[in-house]
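Step one of this worksheet: look at the structure below.
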Amino acid sequence: KAGVTQTPRYLIKTRGQQVTLSCSPISGHRSVSWYQQTPGQGLQFLFEYFSETQRNKGNFPGRFSGRQFSNSRSEMNVSTLELGDSALYLCASSLRGLGAEAFFGQGTRLTVV
Amino acid sequence: SQQGEEDPQALSIQEGENATMNCSYKTSINNLQWYRQNSGRGLVHLILIRSNEREKHSGRLRVTLDTSKKSSSLLITASRAADTASYFCATDGSRMDSSYKLIFGSGTRLLVRP
């Protein structure tokens, strides 16, 4: 079956702009999580959605938001982009969340200039 | 900040040798997962070991878990150049709301020389 699909793969934005990233989980998976990866901070949890509800949120400013649709596809949005938001954003898909395996997409490489 | 630490941070071995990476974590867990990442691309799921398991095998991979020491190790046997990548451990602590949050280690960069 198809894996986790993230779009776009690469993105260049200017400071102050906003961006929306998309994630399509594995069919049947209801939990979608987002992570930010930077050289300095490593992999950090952003938020998790399950059946359209945000169940957990990491320690990120309110400029980072997300949502999940009824088909489990998820989007994350970053408003008022800062240079420090440049990172690889990874989406993880899990059948039910806690206790299950998490499968990741290829990520979206965001560069803020 | 990350919960886990991985050791060593970098490892360089010859093709055919075994590679061992260690991971330590801080809180109680449901399970621990290992991932591979090639050159800043997505994470590839390698193996999941549950908190009540002590050892698990998958092909050339062997994972051990010691919950009393809050540590895990990943052994790759008969390494190949294609195993060159960064390896991460990730834990999901038990929580009342069943939400899913993985805490990653800092990763081990493995270089397998042909």
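Protein chains get the first letters and strands the later ones, always in sequence-line order, with residue 1 at the start of each.
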So does B:R80 have more than 12 non-hydrogen atoms from other groups sitting under 6.0 Å from CZ? no
Identify which part of A:Q37 has an atom lying under 4.5 Å from any heavy atom of chain B, answering side chain, backbone, both or neither. side chain
Is the count of non-hydrogen atoms from other residues, nucleotides or ligands lying under 6.0 Å from A:N59 atom CG greater than 12? no
Which value, rounded to the nearest 0.5 Å, describes the distance between A:E101 atom CD and B:D92 atom CG? 11.5 Å
I'd like to know whether CD1 of A:I12 has more than 12 heavy-atom contacts from other residues, nucleotides or ligands below 6.0 angstrom. no
Joint hydrophobic cluster, B:L48 plus A:F45, side-chain heavy atoms closer than 4.5 Å: no
In terms of heavy-atom contacts, does CZ of B:R60 have more than 12 from other residues, nucleotides or ligands at under 6.0 Å? yes
Exceeds 12 heavy-atom contacts within 6.0 angstrom, atom CD of B:Q9: no
Which residue in the set B:Y35, B:F88, B:F104 passes ring-ring contact (aromatic ring centres under 6.0 Å, His included) when paired with A:Y35? B:F104
Please report the shortest heavy-atom distance between A:L88 and B:R41, naming the atom on each side. CD2-O, 3.7 Å
Looking at OG of A:S94 and NE2 of B:H45, how far apart are the two atoms once the value is rounded to the nearest 0.5 Å? 9.0 Å
Find the one option among A:A100, A:P39, A:A102 whose heavy-atom pairs under 4.5 Å with chain B are most numerous. A:A102
Do B:V112 and B:M21 land in one hydrophobic cluster if side-chain heavy atoms of ILVMFWY residues count as linked below 4.5 Å? yes
Are A:Y49 and A:I26 in one and the same hydrophobic cluster, where Ile, Leu, Val, Met, Phe, Trp and Tyr link if side-chain heavy atoms are under 4.5 Å apart? no
Among the clusters formed by ILVMFWY side chains lying less than 4.5 Å apart, do B:I47 and B:V44 turn up in the same one? no
Measure the spacing between NZ of B:K101 and CD of A:Q44 and express it to the nearest 0.5 Å. 9.5 Å
Positions in residues 104-113 of chain A that reach chain B, provided some heavy atom is under 4.5 Å away: A:F104, A:G105, A:Q106, A:R109
